[in-house]
Amino acid sequence: MSDITTRIGALLSKAEGTTNDIERDTYIAKAQELATKYAIDMEAARLAAGGEARRDTPVAETVKLFDRYDRSQTRSFFVNLYLAIGRANSLRFLIDRESRYVVAHGFQGDIDITTQMYNSLSLQMVAASERYIKKDEWRDRAGFFDDQGEWRKMTARTARRSFYSGFASTIGERCRNAARSMEEQEVDVNGTTTTGALVLADRRSEVDKFYTSVPKGRGSWGGGSSIGGAAYGAGQEAGRNASLGNSSAVRSGRTAISN
């Protein structure tokens with residue numbers, strides 16, 4: 001697994017090192033494609049061996065996003081970001097009601113890659129939102145209608161949350177599209193041509209069965225509300241321009257963001 005994360009990290013470093021948006025997006029897509037291809041190749045090799053090759057079983061791993069004493073009011077938006085990346089990598093989740101951690105269910109390699117990408121993107125999301133807030137462009141909007149049709153006054157607080165929503169939404173879309181493009185490609189298994197999606201079907205089914213079997217606490221997670229407005233669009237734009245890696249952040253093991 002260390003080899004694949006190193007290769008993904010190299011792509012992400014290239015994405016961070018370019019000022020060309022087209023090049024950056026290409027590196028981002030390649031990183032997610034490589035993650036998906038790794039999963040496909042591992043499963044295809046097992047199938048080629050008649051399904052007898054040893055394969056890791058799904059695990060449940062608690063991923064800490066915030067310290068227990070963190071009082072920030074935007075924690076759920078960071079959870080949204082982690083979920084957006086993880087779902088593109090075939091993970092299922094249980095979520096802390098206070099949005100301090102998630103329990104990721106899936107294969108260990110997929111969890112590792114998702115966390116690697118989140119560590120970078122969460123830092124980028126905060127930095128990009130602060131740049132946007134400081135521009136004061138959000139002040140040009142007196143307010144907006146939220147998803148429930150209620151008029152909301154635009155403040156720095158709502159602008160930041162709206163920005164986070166747009167950022168996470170776009171990152172999730174980019175990751176899903178990159179994964180889908182790889183899954184649509186043909187794969188040869190013992191002389192039979194199939195697609196990456198079909199190769200991964202059994203693997204994903206195993207994750208779903210594992211997730212269904214684990215105990216689940218009572219209650220529900222409200223999530224980060226979608227606010228909308230100009231700041232949402234600004235967050236989407238920042239998400240389109242974000243690179244999916246920050247090698248120094250990943251190496252430091254930082255998994256909690258204060259904001």
Side-chain angles (χ1 to χ4, degrees), residues 1-9 11-12 28-49 51 53-65 78-96 101-122 168-189 194-216 221 223 239 244-245 250 255:
M1 186 60 200
S2 59
D3 179 62
I4 191 67
T5 55
T6 298
R7 293 168 63 192
I8 288 174
L11 283 170
L12 302 180
I28 289 168
K30 290 296 183 183
Q32 180 61 60
E33 287 175 3
L34 187 57
T36 305
K37 185 177 185 299
Y38 173 79
I40 292 172
D41 287 348
M42 293 299 98
E43 190 63 16
R46 188 184 73 86
L47 294 174
R54 180 180 178 181
R55 178 179 68 182
D56 292 337
T57 57
V59 299
E61 179 172 307
T62 299
V63 182
K64 179 182 175 184
L65 305 181
F78 288 84
V79 172
N80 281 339
L81 178 62
Y82 194 97
L83 301 186
I85 302 167
R87 285 167 178 157
N89 288 287
S90 304
L91 302 185
R92 300 288 300 275
F93 297 97
L94 294 178
I95 307 165
D96 171 46
Y101 64 86
V102 301
V103 183
H105 298 72
F107 289 94
Q108 187 64 58
D110 297 331
I111 296 174
D112 292 344
I113 288 171
T114 295
T115 303
Q116 179 185 26
M117 295 171 70
Y118 169 83
N119 282 340
S120 172
L121 283 164
S122 56
S169 173
T170 297
I171 289 299
E173 181 181 1
R174 290 172 66 190
C175 289
R176 288 192 302 272
N177 287 342
R180 189 178 301 115
S181 69
M182 187 59 59
E183 292 169 10
E184 291 173 351
Q185 294 188 15
E186 294 184 346
V187 178
D188 181 82
V189 179
T194 183
T195 64
L198 289 177
V199 168
L200 291 177
D202 183 62
R203 179 184 172 97
R204 287 172 173 164
S205 176
E206 191 171 342
V207 172
D208 290 342
K209 289 178 182 177
F210 173 70
Y211 175 79
T212 301
S213 70
V214 300
K216 299 175 179 63
W221 179 71
L244 301 190
V250 173
T255 56

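Numbers for residues simply follow the sequence, beginning at 1.
With respect to the salt-bridge test (charged N to carboxylate O, under 4.0 angstrom), the residues Arg46 and Asp41 do not qualify. Using a 4.0 Å cut-off between charged side-chain N and carboxylate O, Lys37 and Glu43 make no salt bridge. Using a cut-off of 4.0 Å between Lys/Arg side-chain N and Asp/Glu carboxylate O, Arg176 and Glu173 are scored as not salt-bridged.
For the atom pair Ile111 CD1 and Ser90 OG, the distance stands at 11.5 Å (nearest 0.5 Å). Remark: Ile85 CD1 to Ser122 OG distance equals 8.0 Å, nearest 0.5 Å. Between the CG atom of Leu65 and the CG atom of Asp96 there is a distance of 9.0 Å, given to the nearest 0.5 Å. Put simply, CG on Leu198 and CD1 on Ile40 are 10.5 Å apart, with the number rounded to the nearest 0.5 Å. Here CG of Leu34 is found 3.5 Å from CD1 of Ile4. Values are rounded to the nearest 0.5 Å.
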Give the C-alpha distance, both sets of side-chain angles, the deciding distance and a yes or no for salt bridge (Lys or Arg N to Asp or Glu O under 4.0 Å) between Lys209 and Asp202.
CA-CA 10 Å; Lys209 289 178 182 177; Asp202 183 62; over 6 Å; no
Show your reasoning for whether side chain to side chain contact (heavy atoms under 4.5 Å, CB included) applies to Glu186 and Thr194.
CA-CA 6 Å; Glu186 294 184 346; Thr194 183; over 6 Å; no
Kindly indicate, with the supporting measurements, whether the criterion side chain to side chain contact (heavy atoms under 4.5 Å, CB included) is fulfilled by Thr115 and Tyr82.
CA-CA 8 Å; Thr115 303; Tyr82 194 97; 2.7 Å; yes
Would Met117 and Thr114 count as a side chain to side chain contact (heavy atoms under 4.5 Å, CB included) here? Give the steps.
CA-CA 5 Å; Met117 295 171 70; Thr114 295; 6.0 Å; no
For Arg203 and Leu200: C-alpha separation, side-chain torsions, deciding distance, then whether side chain to side chain contact (heavy atoms under 4.5 Å, CB included) applies.
CA-CA 5 Å; Arg203 179 184 172 97; Leu200 291 177; 3.8 Å; yes
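Side chains of Val79 and Phe93 form no contact here, defined as non-hydrogen atoms less than 4.5 Å apart. At least one side-chain heavy atom of Leu83 sits less than 4.5 Å from a side-chain heavy atom of Ile95. Using a 4.5 Å heavy-atom threshold, the side chains of Gln116 and Ile8 count as touching. Proximity of Tyr118 to Val63: side-chain heavy atoms (C-beta onward) are nowhere separated by under 4.5 Å.
Within 6.0 Å of the OH atom in Tyr101, the count of heavy atoms belonging to other residues, nucleotides or ligands does not exceed 12.
Between Ala168 and Ala84, the shortest heavy-atom distance links the atoms O-CB, 3.7 Å. The two residues Val187 and Gly196 have their closest heavy-atom pair at CG2-N, 3.8 Å. What you find for Gln32 and Cys175 is that their closest heavy atoms are CG-O, 3.3 Å. In this structure, Leu91 and Ala104 approach most closely via the heavy-atom pair CD1-CB, 4.3 Å. Taking all atoms of both residues into account, the shortest heavy-atom contact from Asp56 to Phe107 is O-CE2, 2.7 Å. When all heavy atoms of Ala35 and Asn89 are compared, the closest pair comes out as CB-OD1, 3.9 Å.
Using modelled atom types and a 3.5 Å distance limit, the side chains of Thr195 and Gln185 yield no donor-acceptor pair. For Gln108 and Asp112, the side-chain atoms include at least one donor-acceptor pair closer than 3.5 Å. In this model, a donor atom of one side chain and an acceptor atom of the other lie less than 3.5 Å apart for Asn177 and Arg180.
A tilted orientation is assigned to the rings of Phe210 and His105, their planes being inclined by 30° to 60°.
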